[in-house]
Structure formats: C-alpha cells, structure tokens
Amino acid sequence: MIGRERDLARIGDFVDQAAAQGGAFMLLGEAGVGKSVLLEVAAARALAAGHRVVRASGSQFEGEVSFAGLHQVLQPLFADLPNLSSAHERALSVALGLGEGAPPGQLLVANAALLLLRRAAVPRPLLVVIDDIAWLDRASAVVLGFVARRLTGSRVGLLVASRSGEKSFFEHAGLPGYELQPLDERDAAALLKARFPALPPRAHRRLLADAQGNPLALLELPVALGGSQRLSDSALPQVLPLSGRLQAVFAARIKNLPAATYDLLLLAVLDGTGDLNVLHAGEPRTHETDVPAPAERARLVRVAQGTGRLAFRHPLIGSAVVELSTGEQRRRAHRLLADRLADRPERRAWHLAEAAVGPDEEVAALLQAVAHANLRRGDGVRAITLLLRAAELSPAGIDRAGRLGEAAYLGAIVNGDLRDAPRLLELARRADRWGESLATAVAGAYHLLNGDGDVDSAHRLMVGAIEMLADPGDAHNKPLIEGLYTLLMVCFYGGRAELWEPFHVAIGRLRPGPPELLDILGKTFSDPARLAPPVLDRLDAVIAGLNQEIIPARISRIGVAGSYVDRLGQCREGLWRVIGHGRDGGAVTSAIEALFLLGNDAFLVGQWDEMEQVVEEGLTLCDKHGYRLLAWPGISLRAMLAAARGQEETATALADQMTRWATPRRAHALQCSARQIRALVALGRGDFEDAYQQSAAISPAGVLASHVPHALWSITDLVEAAVRSGRHVEAAAHAAAVEQAGLAVISPRLAMVTGASAAMVAPDGQYDRLFEAALTTAGAERWPFERARLQLIYGERLRRDKATTEARTHLAAALDTFRSLDARPWVARATTELRATGLSIRQGEAAGMASLTPQQQEIAMLAAAGLTNKQIGERLFLSPRTVANHLYQLFPKLGVASRAALRDALATGPAESAEGDDDERASRR
C-alpha cells in the first residue's frame, strides 16, 4: 500500500462511521489502480473491529442474469429471511430463485433487501463490499442503488467500486466517494524498487513511464519481461509485453471494436506519433471521423481537438492492442507505415525491419545507417538495438559479423553493457571467419582489460586490426577513429613509451589529418610534459566550446584531454551534463569517466566532500556494469583521499590491491597511481626515504619519464623526499628537469610547483625569494592542498634558519588549510613545526606520547634507552635515515631538543613549549 496513506485513511473513516450510523461510499478509478486492494483492506479493518462483512463482485459473464448480483450480496444472510414479513420473504425468494410464485415488483424486492440488510446488522455492524459494480446485472444494480440511499441510521455500510467512465445501471449520483488516482512518481518508483530491487535503471525508468503510476502495471509488467530483460540494462522493446492479468484488464473493450477501428489502433501503436495524417494516408477522408469513434466511446483513446492526434488513455492499452494482434497483422501494419513514411528514413527503416520475415541486406544497411545517426545524437541504447536488428537481417558473412561486433563495441564503451560483449563477440565469430573486424577488436580489447587479459594482448589486438584495414589512413573512417580512441586508452593504461609509438604513427598517417580532439588528446594525455604545450591553445578553444557539445563521449574525452594539464575546472559544467545523461539511462561509460574526472579535480582543488560523493557513485556504476578497468581511477582517488587524511591502512590496502591487479597485466599507469598513494602516505608520516623510493619509481630523479603523465603529479613528492632524505644532487637534478621542460607554461599549478622545486634546492639566501614567487603565482590558490604543502616546506626551512616569525606565518597558513581539509597527517606535521618555533601547545591538542604514532612511540622509547639510529633501524627494519626523520618529527611533539631529555619527557609528559632549535642536529646523531 505504498503511497496510499490518505486513501486508506478515507476508507477507514467510512468503515468506522458506517458502523455507527450506516451509509454508502463509491470508489472510482482506472483499471489496475488499486481499488480492489483498498476494498480488501476495508474488509479486513471491519472484521478486525468485530463487524460482519459480505462480499460480491460484478462479472461480465453474469450481466444478463437478473438478480445474479443481488444473490451474491444476500446469500450469506439467507438464514435471516424467515424473520422478514411473508411478503418481503416471498419477494426475495422468488427474485433470487429460492422459491416459486408470481414475479414480484422491483420496489418490493428493493425494500425487502433493505430490510434484510438492516436486520442482519442488529447484532453487530455489517459492511457490504462490492467490486466492479458496473458489471452487475441491471436488476441487481437498480435495487442496490435504491438501497444505497436508504442506509442512513442503520449500522449497514455499502462500499462499492467501479472503473472510471464505465457505464453502469447502478445510480451513484449524489453518493459520497471519490476517484482513486494513480501513484505519483516517487511512490511508483518506491513500489517498483520494493518488489523488483534488481531492475536495472533503464528498465526501471521505462516501466515507470509506461505504467504511469498504475500499481497493477508496476507489479505485472516486470513479470511479463524476459529474465534477461529484467536483469540486464539493455534496451526494452518498443511495445512492452503484457502479463495475463494486464491483458484481461483491457482485452474485453478492445475485442468488441469494429475491425477498421482495431486496425487503426494497431497502426497508431506501431507508429507511435498518433498523427492521423499518417494513419489515414491514402484512405477516404470519412475515416478521420468515423473510424476512431468506437474507440473513443470505449474510453480507449482520445482525439485531441485542434491537433487531430490520437492518443491512448493509457500506454498499456496500446500494449494490449499489440498483444491481441497476429504476426501477419503486425507485419502488414508495418509495411503500410513504411510506405507512408518514405520521407522519414529512420522511421521507414525500422518499419521495414519489423515487416521483414528473413534476411534482407538492403534493410539491414538502412538500419545500420540509422544506428550511426542515433549514435551521433548520443543515443547509444537505440544505436545498439538497431545494430542488433541489422545483424539479424544480414545475410551470413562479414556484414553480419561486423554489425554484431559493432554492437558489442558500443555496448562496451558507450552503454555499460560490458557483460554482454562476450556473447556478441562469439556470435560475430560464428557468423563469419572475418568476424575480427575493427569494432570486434575494440570490444575484445575492453573485454580483455576488464577480465583476465593484459594490456599487451589488447594492444596487439588493436594494432593488428588497424593495420589490417584496407586504408588505415582514411580520417573519414568512423570505426578507425573510434578504434584509435580505444588504442589511446590501452596505451595509457600500459604507461610505456613503446606502446605509444604505433598510436603516434597511426595518427600521423591520417588523411587529410587527424580529428582535432583525437590529435589534442593524443598529446596532452600521452606525454603532456613534452607534447602538451604546443596544443594548449587548441585545447582551450575546444574547452570553450563545451557548452555546444551534446555527445557524452566527446565531452568526457575533452575532460580527459584537460586532466593532466589542470583544465578540469573549465570542464565541470559539461561533465555534470554527461553524468545527468548517464543517470537518465544514457552513456554509462562516459558518465563513469565524468564522475572520476570531477573527483580528480575535486581532490586537487580541495573539494574533498564532493570528491567522496562522485567517486562512490562512479564505483557503484563500475561494479554494477562489470567495468573493472574503469573502476581503478576511482579506487585510486579513494586511496589518495585516505592517504591525505591519515587513513594509512585503507590507503595502503587499496594501493596493494591496485598493484596486485596491475602487475601481471602490465598496467604501468595503475602501478604509478599505487606508488603515488604510497608516497603520500609516507610523506604524511615523515618517512622521506620510502616516499623517495615510491616517487622515483614513477619517474627517476632528474627525468620526466617519457609517456608517464603521472610524473606531473609527483614533482613535489619527489623533490621534497629527495631533499629531506639527504639526496640533494637528485633533488636539484629533478628541479632542473622540471624547469627545462617548461612546465610552468602549462598551468598555474605547474608554475607554482616549478618555482617551489627550484626553491627547495636553492642555497641559503636565495630560497626565500623563490618560495615567495612560487606561492604568489597567479591562480595558485586554486590548488590549496599542494600550496599548503609548499608553505609547510617553506616554513620548515625558515624555522631551521631561525627566521621564526616568518616561519610561523607560513606554517600557520598551512595548518589552517590542512585543518579545513581534515588532512590529519599534515595537520600533525604543521603543528609539530609550529611547536618547534616556540609556540605553546594549544588546549585540547594531543600532547606527549599521545601525540606520537605507534612507530614514533617505539622509536622514542628505544632512543631514550640509549640506542643509536642504526641500532633502532636494525631493530625495527628501518633505515638510519628514516629513524632520524622520525626523531625530527617527535622531538617537538614531546617538547624536547635532545636525546638526553627524552627519558625525562617520556616519564613526565610534555613541556608547555619547545625551547631552542637544536632538535634537528640532535636527531641526526
């Protein structure tokens, strides 16, 4: 009874009132809206209250039997007949077929029925419930109409229900009651989800639209679907099949229509527009008024005045019309419509396909062309449906295989139907030995990468399919261009320069030239450090035109092109449109990409709460549709956030998970992501040795690794870790490589990082000027986390150089940013540095041993016991340098400046302030 709270209350009020003072109530509503269920609830309420309940229901098959309905109502009360007067008893007995005699007058029968009901209610209240009263025989309906108006003052309630607009002999004018409405969209969705929780989103939305809030339709339509349709997110048929119960709801009114009217309704369903100009094309004009009339009178359709369009009063009436037709009737109707729609190629092709009874290459080719037109409009669902039908109509051979392969490809990269790709690929292979078309290769590559295959196998598959084309340089070949986009994705996940070489060769030979976006993406996403700067103006122009873009895949690709060059912020509005399209059943893969692109931008610009939301939505979609490969960017973002917020176990576990999956598949890009996560974890806890090893594995110090775009995200990590682990030569080499690459021209973030890298390795007397210039880079405030990290590094160096006041300024600013982001390890680092400047510990902050990590506590106790850094490292399996770094971090937390003071500090707790700046020297002993 979802969504029926108010209706239940009204019916319940009537039952209670009727028990005290009698009365009648009329419930109207369309078929399947839930009238019968409400009657059952009312009856159950009355029984629970101790009332007597009798039930009856009208039937079309007993409509000609006089008093059949009244017999149903009064039969449970026959034991009280002898208590009536002899005239009333005789009248009812004869009317109901219980005895013989002269036919009684209708008024006498009505009075006798009223008296019998009143007498039956003397011991306890009586509720009479009658469903479908419009189908009662005439005599019974007239008697009950008489009774209904004379129940006041008794303890008899009469609750009846009928379909809206149904002609009836029961006179209900003036009786209280109301019309039961369909469920609103929210309640309809809740009912459908409660009964069929596994329905995929696309089917859920389609069923909601066709049911229009009708509860019976919501419960029965999913039952009539095939199991695969209920569980997969593929497109549903144009006309939904009906269950037996739903057919019965509409069949009677449809079967009684004249043949010409039925034929018109069948044409209207299959046409879908209701345009009478199409439905009557070539027929006498008199049909425009005569033919629809019987259907209008039966309340099946309405013809709008002015527009002249025919519309079904409920979508399921159209489904019932189709269910009652024969296959030949449908094919004939489709042929008629195809003839009448010669000027509408898309609709004509579909009707020709539906009229076909065997392979027809001409129709299949028309369908394929229409599928491509739909794809250009962003309707991947329709495109796949058309391609599959085209494959069914294709004669055996390459065309059938190619169309199946293309459907698999679209399902894999556009629609979120990846789990169906293996079946379609197998069908393509069976169709013909030439089944390994380029589209088939694309679908196969996606299947490999999301299953147990590896990057190199997918790469060989794609390169081989491209090279086998008759003309691999034709830039107008749409499958070739889509294949190159897929090859680009394969190369990215491979993350190795040698994989990109065939891609760049293929792009270079395209005539008359590569598509603009493909060319830009091939540079900014493959090797942005070297190839991006010359195309940034072109990329900015493409991004500026995003508001004109309507194709989801193209919008997400523009976002991808801007991801490593810090332009995702300008793509947000377009990416949200892609997500909205995906939520409405559109391109799922593009929506997933858009969600993770927004998550990536949100991490960099410090909108971490938004990041969590979009990443979780994207991962849910990946899990639902089987996109293991597409999930990894989301998993990486989740781990980066965990690392930044000090959830070390979560971040490390996710990084390990990525590494285990990526290593055997040779997915180097994912390995880089895992290393970046581990580096951030290590930097947060001050383990600069581990941070250096992880960062250098992404891109060696002094080198921006070729075709490793992650190198642009790990510059700060590598230079800081190198400096803090004593690798000053390596740090200087990397800062020089960054500057020589000219990364500062790419974005404000990279300009800030370039300047800060130079500052980190600059000698005393020069670094402050470089830091100040880096931190005041125009637009640098857009990247709060990275900027705060640089402020922390700058403040640490100022403190070591005794510039206490300046150090506090930058450390305090960094601390404020870290606190706003809830970046806990960085809060701890900044707090430690501020304490080391002599600031007292703030009330409420952790102090003493409680402020140390478990590893720091162990190191502190071993150092207090007199062990050297080397001995502690051997005991804890750490390098002496890592031990020194931990001591550097923990001295200020404990308020001490030397090892000698450690034992007392551990025994007595922290001092109120840190005095002196000898901590670094002491930690290095």
Side-chain angles (χ1 to χ4, degrees), residues 1-8 27-38 132 134 161-166 178-197 199-225 229-230 233 235-254 265-266 268-275 292 295-304 307 309-324 381 583-585:
M1 299 308 296
I2 292 173
R4 292 301 188 201
E5 293 78 10
R6 296 180 63 185
D7 304 305
L8 290 169
L27 187 63
L28 297 170
E30 67 179 32
V33 79
K35 302 182 299 296
S36 299
V37 177
L38 281 177
D132 286 321
S162 179
R163 294 182 185 178
S164 301
E166 196 87 63
Y178 73 105
E179 183 162 0
L180 185 62
Q181 299 299 318
L183 298 176
D184 62 28
E185 185 174 356
R186 180 176 60 85
D187 291 329
L191 175 61
L192 191 59
K193 186 170 183 62
R195 290 295 296 271
F196 301 96
L199 273 179
R202 190 176 300 140
H204 184 89
R205 284 188 293 272
R206 171 67 187 282
L207 294 176
L208 280 181
D210 276 31
Q212 290 192 346
N214 187 294
L216 179 63
L218 290 166
L219 297 176
E220 292 291 328
L221 281 175
V223 175
L225 293 176
Q229 291 172 320
R230 284 202 305 273
D233 210 15
L236 296 182
Q238 182 180 4
V239 179
L240 294 179
L242 299 184
S243 67
R245 290 179 67 191
L246 284 174
Q247 284 190 50
V249 167
F250 303 109
R253 285 185 284 170
I254 294 170
L265 295 190
L266 183 59
V269 177
L270 300 180
D271 171 62
T273 68
D275 186 349
E296 286 188 275
R297 288 193 293 270
R299 293 181 60 82
L300 296 170
V301 301
R302 63 172 70 89
V303 177
T307 64
R309 289 187 179 273
L310 182 147
F312 289 95
R313 290 186 176 272
H314 196 284
L316 298 185
I317 296 173
S319 295
V321 169
V322 174
E323 292 282 349
L324 293 170
V381 177
R583 288 170 176 169
D584 290 337

Review point. In chain order, what residues pass the side chain to side chain contact (heavy atoms under 4.5 Å, CB included) check against D187, with sequence neighbours excluded?
Key: I2, L183, D184
Check your understanding: Under the side chain to side chain contact (heavy atoms under 4.5 Å, CB included) test, which residues partner A161, sequence neighbours left out?
Key -> L27, K35, L39, D131
Revision key, fill the gap. d(E30 CD, N214 CG) to nearest 0.5 Å is 5.0 Å
Practice item. Go through the steps to decide whether V322 and L266 satisfy the test side-chain contact (heavy atoms from CB on, under 4.5 Å), and finish with yes or no. Key: CA-CA 6 Å; V322 174; L266 183 59; 4.2 Å; yes
**Study point:** With sequence neighbours excluded, residues passing side chain to side chain contact (heavy atoms under 4.5 Å, CB included) with Q181
**Key:** E179
Study note, to complete from the structure: For R4 and P215, the nearest pair of non-hydrogen atoms, with its separation, is NH2-CG, 4.0 Å
Exercise for review: Supply the atom-to-atom distance R6 CZ to L8 CG, rounded to the nearest 0.5 angstrom.
Suggested key: 12.0 Å
Check your understanding: Which atom pair, heavy atoms only, marks the closest approach of P292 to V303?
Key -> CB-CG2, 4.1 Å
Practice item. Mind listing the closest non-hydrogen atom pair of S162 and A134 along with its distance? Key: OG-CB, 3.4 Å
Check your understanding: Of the non-hydrogen atoms in H204 and K193, which two are nearest, and what is the gap between them?
Key -> CE1-N, 4.1 Å
Exercise for review: Could you tell me the separation between the CG atom of L310 and the CG atom of L265, rounded to the nearest 0.5 Å?
Suggested key: 6.5 Å
Point to revise | Main-chain N/O of G3 paired to R186 side chain as donor or acceptor, under 3.5 Å | key: no
Exercise for review: Working to the nearest 0.5 Å, report the span between OG of S36 and CG of D132.
Suggested key: 6.0 Å
